[in-house]
Amino acid sequence: AELLQYARQWKSTAREVVNQALPLAQFFSLLHVTSTYICSPTLVFGPSMLPTLNFSGDVLLVDKLSPLLGMVEPGDIVLVQSPDNPRKNLAKRIMGLEGDTVTFLADPARTDRSPQSVVVPKGHVWIQGDNVYASRDSRQMGPVPYGLIHGKVIFRVWPPKDFGRLSE
């Protein structure tokens, strides 16, 4: 009889634990799906996107669906996996899509050189940082495969003084 009472008490406790844990598990599942496939906040920093983004860092809201649906265009700031270092993501501006002709200065510090032009190949994009003097981008790496685009920047979350703004 004592064992039966213990089993009932254990069953009741186990049911209570499951009832408490289930909403928490659902919340974290939803959070994971949202940040992986829909949108997520991302910290970006460095000189390559000056003056649009701050050198010391910005928290940006990144839309993960737009690249999957082919909804990126020249002028958009995107988060791209670095072709040189797969563990690193870069924030850059799209300057051209497949089939576009992009004209650029390979070394903007040397004005004696003439501009170069390239046609962006199929399945690729041309990306550049807004600070052409301090950005490693398609001018050095060449066109970047479209599949390396992880998301499109849609909103600045932090710092508060620049909330929402993505241009100077």
Side-chain angles (χ1 to χ4, degrees), residues 29-168:
S29 296
L30 179 64
L31 188 64
H32 170 74
V33 168
T34 301
S35 68
T36 303
Y37 302 106
I38 300 172
C39 68
S40 67
T42 302
L43 173 66
V44 298
F45 56 90
S48 74
M49 285 300 289
L50 284 171
T52 306
L53 301 177
N54 294 304
F55 177 84
S56 57
D58 289 299
V59 177
L60 307 172
L61 191 59
V62 177
D63 164 21
K64 307 278 182 103
L65 287 174
S66 290
L68 297 175
L69 300 173
M71 296 173 61
V72 294
E73 55 191 37
D76 288 343
I77 299 173
V78 291
L79 197 64
V80 178
Q81 181 179 343
S82 169
D84 298 336
N85 181 356
R87 295 190 317 222
K88 187 175 180 183
N89 286 320
L90 314 169
K92 303 291 180 188
R93 190 175 301 277
I94 293 181
M95 303 304 286
L97 301 173
E98 65 179 54
D100 291 348
T101 300
V102 179
T103 302
F104 63 98
L105 288 171
D107 183 3
R110 293 190 51 193
T111 56
D112 61 322
R113 293 196 139 167
S114 58
Q116 298 177 3
S117 291
V118 66
V119 175
V120 181
K122 184 177 175 87
H124 289 71
V125 294
W126 188 270
I127 56 169
Q128 285 183 209
D130 289 355
N131 181 1
V132 294
Y133 299 102
S135 177
R136 180 154 171 73
D137 50 40
S138 289
R139 293 169 301 139
Q140 295 84 27
M141 300 182 287
V144 174
Y146 190 91
L148 293 183
I149 300 175
H150 285 234
K152 177 170 115 175
V153 175
I154 55 174
F155 203 79
R156 185 188 329 239
V157 178
W158 192 265
K161 68 178 180 62
D162 295 325
F163 186 78
R165 291 188 322 136
L166 284 174
S167 60
E168 285 301 305

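Nearest heavy atoms, Leu65 versus Tyr37: CD2-O, 3.4 Å. Summarising the geometry of Gly96 relative to Pro74, their closest heavy-atom pair is CA-CG, 4.4 Å, with the distance given to 0.1 Å.
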Using a 3.5 Å cut-off and no angle test, enumerate the donor-acceptor pairs between side-chain atoms of residues 97-106 and protein atoms at least two apart in sequence or in another chain.
from   : atom 1 : to     : atom 2 : distance (Å)
Glu98  : OE1    : Gly123 : N      : 2.6
Asp100 : OD2    : Leu97  : N      : 2.8
Thr103 : OG1    : Ser117 : OG     : 2.9

Distance-only donor-acceptor pairs under 3.5 Å for side chains of residues 144-153, two or more places apart:
from   : atom 1 : to    : atom 2 : distance (Å)
Tyr146 : OH     : Pro67 : O      : 3.0
His150 : NE2    : Gln81 : OE1    : 3.1
Lys152 : NZ     : Met71 : O      : 3.3

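At a threshold of 4.5 Å between non-hydrogen side-chain atoms, the residues Leu53 and Leu60 count as touching.
Residue pairs meeting the salt bridge (Lys or Arg N to Asp or Glu O under 4.0 Å) criterion with at least one member in residues 29-51, sequence neighbours excluded, do not occur. Residue pairs meeting the salt bridge (Lys or Arg N to Asp or Glu O under 4.0 Å) criterion with at least one member in residues 54-67, sequence neighbours excluded, are Asp58-Arg156. Legend: salt bridge (Lys or Arg N to Asp or Glu O under 4.0 Å) pairs involving residues 117-138, not counting sequence neighbours, sorted by first then second residue: Asp84-Arg136, Arg93-Asp130, Asp137-Arg139.
Residues passing the side chain to side chain donor-acceptor pair (under 3.5 Å) test with Ser48, sequence neighbours excluded: Lys92. For Phe45, the side-chain contact (heavy atoms from CB on, under 4.5 Å) partners at least two apart in sequence or on another chain are Leu43. A search for side-chain contact (heavy atoms from CB on, under 4.5 Å) contacts involving Ser29 returns nothing, not counting sequence neighbours. With sequence neighbours excluded, no residue forms a ring-ring contact (aromatic ring centres under 6.0 Å, His included) with Phe55. For Leu61, the side-chain contact (heavy atoms from CB on, under 4.5 Å) partners at least two apart in sequence or on another chain are Cys39, Ile154, Phe155, Val157.
Put simply, the side chain of Ser138 gets close to the backbone of Ile127: a donor and an acceptor are under 3.5 Å apart. In terms of modelled atom types and a separation under 3.5 Å, the side chain of Asn89 and the main chain of Leu79 share no donor-acceptor contact. Of the possible donor and acceptor atoms, none in the side chain of Ser82 sits under 3.5 Å from a partner among the backbone N and O of Pro86. The closest donor-acceptor contact from the side chain of Thr34 to the backbone of Leu30 lies under 3.5 Å.
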Exercise for the section: Decide side-chain contact (heavy atoms from CB on, under 4.5 Å) for Ile77 and Met49; before the verdict, give the C-alpha distance in whole Å, the side-chain angles of both, and the deciding distance to 0.1 Å. Expected result: CA-CA 9 Å; Ile77 299 173; Met49 285 300 289; 3.9 Å; yes

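Between Leu68 atom CG and Ile38 atom CD1 the span is 11.0 Å, to the nearest 0.5 Å.
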